[in-house]
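Notes follow the structure.
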Amino acid sequence: MLALEEYGMPELPEVETVRRILDRAAVGKRVVGVRCGRERLVEALETDLTLDDLVGGRLDGVERHAKYLVLRFDRDPQAVLHLRMTGQVAAVAPGGAREVAGHPVPAYDAPLPAPTTHLTLDFADGTTVYLQDPRHFARLTLLPATLVEPYIRERNLGPEPPDPSLTVERLAAMLAARGRAKLKPLLLDQSFVAGLGNIYVDEALHLARLHPERAAAGLAPPEIARLHGAMPAVLAEAIPIGGARIHHGKATQVAGFPRVHARRGEPCPTCGTPIVKYTLAGRGTYFCPQCQPPGGKSQV
DNA sequence: AACTACTCCTGGAGGC
DNA sequence: TGCCTCCAGGAGTAGT
């Protein structure tokens, strides 16, 4: 379990973990009670939908679309949950056993509801699901079933890196179409590829040995192949270790992850050169100036 | 199309 | 030591 002061952004691996928790703990059960301490957490796409309308609905499934979770009920409203940066979900069984995923604050064994618990769902068998968010960024969207597909479609989510349809050839065509766009902001754009956040973009670019400001259309075929392999690789390696751990701007490496993110001044695991941090597109960006040269030519 | 800037939030860091 | 200010950051929106 993560220590209280350690941070892990709920990026795709964490969101998938939340999906599995809800699937195990709540699917097939009816909602018998809803409590919400922060109305702004909830948005309704139709004005006549309210949180109280969830009561009586049976959760039939939880789908994940990139970092969005769709809670499918047997009656309207349906719900779309996004944890943003600091959301956390806990499911507590009638006997008290709990599963928690997402942001590590509050501590996973803290008493629930916590001061930062903003939403509570009670299910018929006594299971309770809690949503915590110390910084109030998470959102729960209520909508009728007819609007779920359009809502997800409107997000314009690109392919997720493990998606088998995202072939090297397709990635090459996507990059070529983006001209001079810089790699880092491009990979953060969920309409280009979905699921990568700030941490995983830095990690993928380092693994692929590509400078964050390389132009999308300027990559050589071997570089595209490296990027294609690096994106799913960094996501896959983060899952078993529970994501990145970052505290006070410095990373605690677990099994060598992360390699560069939040490791300013520390040696690159590949070549030993101190990691550089700067701001790009408004995001803290970490890279190795030796392994990730800024020019168009990089060592293959 | 591709940028930037702003919004939402608050715990923690850094300055004095 | 105790204030005070500033900042990160996913996604949405607006403006250029």
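Chain identifiers are assigned alphabetically (A, B, ...) following the order of the sequence lines, protein sequences preceding nucleic acid strands; residue numbering begins at 1 within each chain. Keep in mind that what you see is a predicted model, and the values were worked out from it rather than measured.
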So, is A:Tyr68 close to the C:dG12 phosphate, meaning a side-chain N or O under 4.0 Å from OP1 or OP2?
yes
Taking CG from A:Leu41 and P from B:dT10, how many angstroms apart are they, rounded to a whole number?
13 Å
Between A:Tyr151 (OH) and C:dA11 (P), how many Å, whole number?
11 Å
Please walk me through it: do A:Asp125 and A:Thr127 pass side chain to side chain donor-acceptor pair (under 3.5 Å)?
CA-CA 6 Å; A:Asp125 71 333; A:Thr127 294; 3.0 Å; yes
For A:Asp76, all residues meeting side-chain hydrogen bond (donor to acceptor under 3.5 Å, both in side chains), sequence neighbours excluded:
A:Gln78
Return the set of residues passing side-chain hydrogen bond (donor to acceptor under 3.5 Å, both in side chains) with A:His65 (not counting sequence neighbours), or none when no residue passes.
A:Glu63
Separation of A:Asp202 atom CG from C:dG10 atom P, in whole Å?
10 Å
Specify the separation, in whole Å, of atom CD of A:Glu154 and atom C1' of C:dG12.
12 Å
Pairs under 3.5 angstrom only: tabulate donor-acceptor contacts from the side chains of residues 146-157 of chain A to other protein residues two or more places apart or in another chain.
from: A:Glu149; atom 1: OE2; to: A:Arg72; atom 2: NH2; distance (Å): 2.5
from: A:Arg155; atom 1: NE; to: A:Tyr151; atom 2: O; distance (Å): 3.0

Rounded to whole angstroms, how far apart are CG on A:Asn198 and P on C:dA11?
11 Å
Measure the distance from CZ on A:Arg283 to P on C:dA11 and round it to the nearest whole Å.
9 Å
Separation of C:dG12 C1' from A:Arg155 CZ (nearest whole Å)
8 Å
Residues pairing under ring pair (Phe, Tyr, Trp, His ring centres under 6.0 Å) where one sits in residues 113-148 of chain A, two or more places apart or in two chains, turn out to be A:His118-A:His136
Gap between atoms CD1 and C1', on A:Ile199 and C:dG10 respectively (whole Å):
12 Å
Mind checking what makes side-chain hydrogen bond (donor to acceptor under 3.5 Å, both in side chains) contact with A:Gln132, not counting sequence neighbours?
A:Gln88, A:Thr117
Does a nitrogen or oxygen in the side chain of A:Gln190 sit under 4.0 Å from OP1 or OP2 of C:dA11?
yes
Centroid separation A:Tyr278 to A:Phe287 less than 6.0 Å:
yes
With a cut-off of less than 4.0 Å, is there a side-chain N or O of A:Lys67 near OP1 or OP2 of C:dA11?
yes
How does protein reach along nucleotides 2-9 of chain B, written 5' to 3' as B (base within reach of a heavy atom under 4.0 Å), S (only sugar-phosphate), or - (no contact)?
SS----BB
